[in-house]
Amino acid sequence: MKDIYILGIETSCDETSCSIIKNGSEEISTTVLSQVDIHTLYGGVVPEIASRNHVKDIVFVINKCLTDAKMSMDMIGGIAVTYGPGLVGSLLVGIEAAKTLAYIFDKPLIPVHHIRSHIYANNLEKELKFPLICLVISGGHTELLLIKDHFNITKIGSTLDDAVGECYDKVARVMGISYPGGPVIDKMAHDGKPIYDLPIPLNDDSYNFSFSGLKSAVINLYHNYEQAGKTIDKNCLASSFQDVVISSLTTKTMRALKEYNVNNLVLAGGVSANKGIREKFEQLCKEKNIDFSFPRIEYCTDNAAMVGAAGYFLYKEGKFTDLKLNADSSAELV
Ligand code: KG4
Ligand code: ZN
């Protein structure tokens, strides 16, 4: 079988990235420029600043990726690009770059949903095995998906309010930690003990999640201590918060694996970098003989390698689009 090289482009939020992936699983070269240091100054991603930086960086990352790979465009099978969800101005920069390359070099243009990409970050580690349950945990999404095949995806649950990453970032902000606070809370949690009592959210029979009540409980507890002039142990608060998050995510995910009789679990999205969440799932999956996979740390957050991996399977099915492709800031995967 002829090898297929997909050039992936990702600009949905604050990372400008280009990657070349062989046959959906082998990384040839990836360039990621993160704007995180710029947005930290403002406490979160500023959309206008994000799109301007994508414009500044996009040609550089594409050129660097091709140069590092020692490849020219005639070796590329197709151009895969994130079309949504994400920040519309940011998405448009990647889409225009992808369209330009597709037009000039006469390559198929492959639109990729951002969550599909996060799922396929796992395929860069080991081949996805179906059926699988995927827990998507990112800054914008918290979803449980039942995936029977590449194109047979059912959403069985999702957050009713905040996404888990958003909740981490808001809790961190109250504690004076700059954006993105998720990784810092994760580290602090490991240095603390879960001594504070926090409510377990949406402890019901559904596969849905809720994090806004937990977020408010943490913030109220923090402010109550401040107002009473007492010091709260921040590491222990982080640990108490993280414990509840882990319990909520693992309880529903493990129940879904059992109920749907599925033996493969994959994590996807920025929060799957969380050490506490990975460790607990590893332990539970070992006990239940479930095959567990998560992306390597640097590909948990946004990057184009996962776009190239997902794009390959869309390429094989001929799921191309024309040059009218537009950004869809709230695109649904299913
Ligand atoms: O997937 P992603 O890069 O962007 C979206 O598509 O939303 O995820 C970013 C989110 C941020 O909320 C960040 O705080 C969170 O992932 N995150 C973490 C960790 N690393 C990144 N949250 C908890 N623990 C971590 N180690
Ligand atoms: Zn993402």
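All values below come from the heavy atoms of this structure, side chains included, with hydrogens, waters and symmetry mates left out.
- Under the 4.5 Å side-chain criterion, counting only non-hydrogen atoms from C-beta, Thr154 is not in contact with Val334.
- Asn303 and Ser17 share no donor-acceptor pair across their side chains, judged by distance under 3.5 Å alone.
- Lys126 has a carboxylate O that lies under 4.0 Å from a charged side-chain N of Asp291, or vice versa, which qualifies the two as a salt bridge.
- Side chain to side chain, Thr16 and His54 meet the donor-acceptor criterion of an N or O pair below 3.5 Å.
- In this structure, Lys230 forms a cation-pi arrangement with Tyr225, its terminal cationic atom sitting closer than 6.0 Å to the ring centre and no more than 45° off the ring axis.
- Ring centers of Tyr299 and His118: at least 6.0 Å apart, outside the cut-off.
- Ser90 contributes no side-chain N or O that, together with a main-chain N or O of Gly86, makes up a donor-acceptor pair within less than 3.5 Å.
- In terms of heavy-atom proximity, Lys215 sits nearest to Cys167 at CB-SG, 3.7 Å.
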Yes or no on side chain to side chain donor-acceptor pair (under 3.5 Å) for Ser212 and Asp162, after CA distance, side-chain angles and deciding distance?
CA-CA 6 Å; Ser212 92; Asp162 291 357; 5.2 Å; no
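- Defined by atom type and a distance below 3.5 Å, a donor-acceptor pair is missing between the side-chain atoms of Asp328 and His113.
- Between Ala97 and Ile62, the shortest heavy-atom distance links the atoms CB-CD1, 4.1 Å.
- Judged by distance alone, with hydrogens and angles left aside, the side-chain atoms of Asp169 form a donor-acceptor pair with the main-chain N or O of Gly182 at under 3.5 Å.
- Val59 and Leu109 fall within the same hydrophobic cluster, where Ile, Leu, Val, Met, Phe, Trp and Tyr residues are linked whenever their side-chain heavy atoms come under 4.5 Å apart, directly or through other members.
- Ionic pairing of Lys187 and Asp191 is not present here: no N-O contact between side-chain nitrogen and carboxylate oxygen is shorter than 4.0 angstrom.
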Please evaluate residues Asp68 and Lys64 with respect to the criterion salt bridge (Lys or Arg N to Asp or Glu O under 4.0 Å), reporting the C-alpha separation (whole Å), side-chain torsions for both, the decisive distance (0.1 Å), and the verdict.
CA-CA 6 Å; Asp68 289 351; Lys64 177 158 176 13; 2.7 Å; yes
Check step by step if side chain to side chain contact (heavy atoms under 4.5 Å, CB included) holds for Ile110 and Ile79.
CA-CA 6 Å; Ile110 309 158; Ile79 317 286; over 6 Å; no
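- Judged purely by atom type and a 3.5 angstrom limit, Thr253 uses its side chain to pair as donor or acceptor with the backbone of Leu249.
- Looking only at side-chain heavy atoms (C-beta outward), Glu279 and His190 come within less than 4.5 Å of each other.
- Within the cation-pi definition used here (under 6.0 Å to the ring centroid, within 45° of the axis), Arg255 qualifies as a partner of Tyr207.
- For the residue pair Ile133 and Val262, the shortest heavy atom distance occurs at N-CG1, 3.7 Å.
- Remark: Glu282 does not engage Arg278 in a salt bridge, criterion side-chain N to carboxylate O under 4.0 Å.
- When side chains are defined from C-beta on, Pro194 does not count as touching Gln242, because their heavy atoms never get closer than 4.5 Å.
- The pair Asp204-Lys252 meets the salt-bridge criterion, with a side-chain N (NZ, NE, NH1 or NH2) lying under 4.0 Å from an Asp/Glu carboxylate O.
- Nearest approach of Lys193 to Ser240, heavy atoms of both residues: O-OG, 4.0 Å.
- In this structure, a donor-acceptor pair under 3.5 Å is present between the side chains of Asn122 and Ser293.
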With side chain to side chain contact (heavy atoms under 4.5 Å, CB included) as the criterion, how do Ile21 and Tyr312 come out once you've worked through the C-alpha distance, each side chain's angles and the decisive distance to 0.1 Å?
CA-CA 8 Å; Ile21 299 294; Tyr312 169 76; 5.8 Å; no
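- A distance-only check finds no donor-acceptor pair linking the side chain of Glu125 to the backbone of Pro295 [under 3.5 Å].
- Annotation: the span from Thr100 atom OG1 to Ile95 atom CD1 amounts to 11.5 Å, rounded to 0.5 Å.
- In terms of modelled atom types and a separation under 3.5 Å, the side chain of Asp322 and the main chain of Lys324 share a donor-acceptor contact.
- Residues Pro201 and Phe209 have side chains not in contact (no heavy-atom distance under 4.5 Å, counting atoms from C-beta outward).
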Apply side chain to side chain donor-acceptor pair (under 3.5 Å) to Glu10 and Ser12, showing your working.
CA-CA 6 Å; Glu10 157 64 33; Ser12 68; 2.6 Å; yes
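- Nearest heavy atoms, Cys300 versus Ala273: SG-N, 3.6 Å.
- Because its NZ or CZ atom is both nearer than 6.0 Å to the ring centre of Phe151 and within 45° of the ring axis, Lys319 counts as a cation-pi partner of that residue.
- Asn264 places a side-chain N or O within donor-acceptor distance of the main-chain N or O of Pro131, the cut-off being under 3.5 Å.
- A heavy-atom distance below 4.5 Å is not found between the side chains of Asn263 and Asn289.
- Once rounded to the nearest 0.5 Å, the distance linking CD1 of Ile6 with CG of Leu314 reads 9.0 Å.
- Looking only at distances, a side-chain donor or acceptor of Asp161 sits under 3.5 Å from a matching main-chain atom of Phe211.
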Hey, mind stepping through Asn326 and Leu91 against side chain to side chain contact (heavy atoms under 4.5 Å, CB included) and telling me if it holds?
CA-CA 9 Å; Asn326 204 348; Leu91 288 163; over 6 Å; no
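- Looking at Glu332 and Lys155, a side-chain N of the basic residue comes within less than 4.0 Å of a carboxylate O on the acidic one, giving a salt bridge.
- By the rule that hydrophobic residues join a cluster once side-chain heavy atoms approach within less than 4.5 Å of another member, Ile9 and Val32 end up as members of separate clusters.
- Between Phe292 and Phe294, the distance separating the two ring centers is shorter than 6.0 angstrom.
- In the hydrophobic clustering of this structure, Phe313 groups with Leu132; members are Ile, Leu, Val, Met, Phe, Trp, Tyr whose side-chain heavy atoms approach within less than 4.5 Å, directly or through other members.
- Proximity of Met254 to Glu259: side-chain heavy atoms (C-beta onward) are nowhere separated by under 4.5 Å.
- The cluster map of Ile, Leu, Val, Met, Phe, Trp and Tyr, joined by side-chain heavy atoms under 4.5 Å apart, puts Leu202 and Leu135 in different clusters.
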For a side chain to side chain contact (heavy atoms under 4.5 Å, CB included) check, start with the C-alpha distance between Leu257 and Leu265, then their side-chain angles and the critical distance, and finish with the verdict.
CA-CA 8 Å; Leu257 285 158; Leu265 171 65; 4.2 Å; yes
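- Between the CG atom of Asp14 and the CG atom of Asp302 there is a distance of 7.0 Å, given to the nearest 0.5 Å.
- Residues Ile147 and Asn152 have side chains not in contact (no heavy-atom distance under 4.5 Å, counting atoms from C-beta outward).
- A donor-acceptor pair under 3.5 Å is absent between the side-chain atoms of Arg116 and the main chain of Ala310, judged by distance alone.
- Looking at Thr159 and Thr142, their side chains never bring a donor and an acceptor atom within 3.5 Å of each other.
- There is no path of hydrophobic side-chain contacts, each under 4.5 Å, that joins Ile119 to Leu267.
- Checked against the 6.0 Å centroid criterion, the rings of Tyr168 and Phe241 qualify as a close aromatic pair.
- No donor-acceptor pair under 3.5 Å is formed between the side chain of Glu96 and the backbone N or O of Val93.
- Taking all atoms of both residues into account, the shortest heavy-atom contact from Asp186 to Lys275 is OD2-N, 2.8 Å.
- Between Tyr196 and Asp233, some side-chain heavy-atom pair lies under the 4.5 Å cut-off.
- Between the Ser329 side chain and the Val88 main chain, no donor and acceptor come within less than 3.5 Å of each other.
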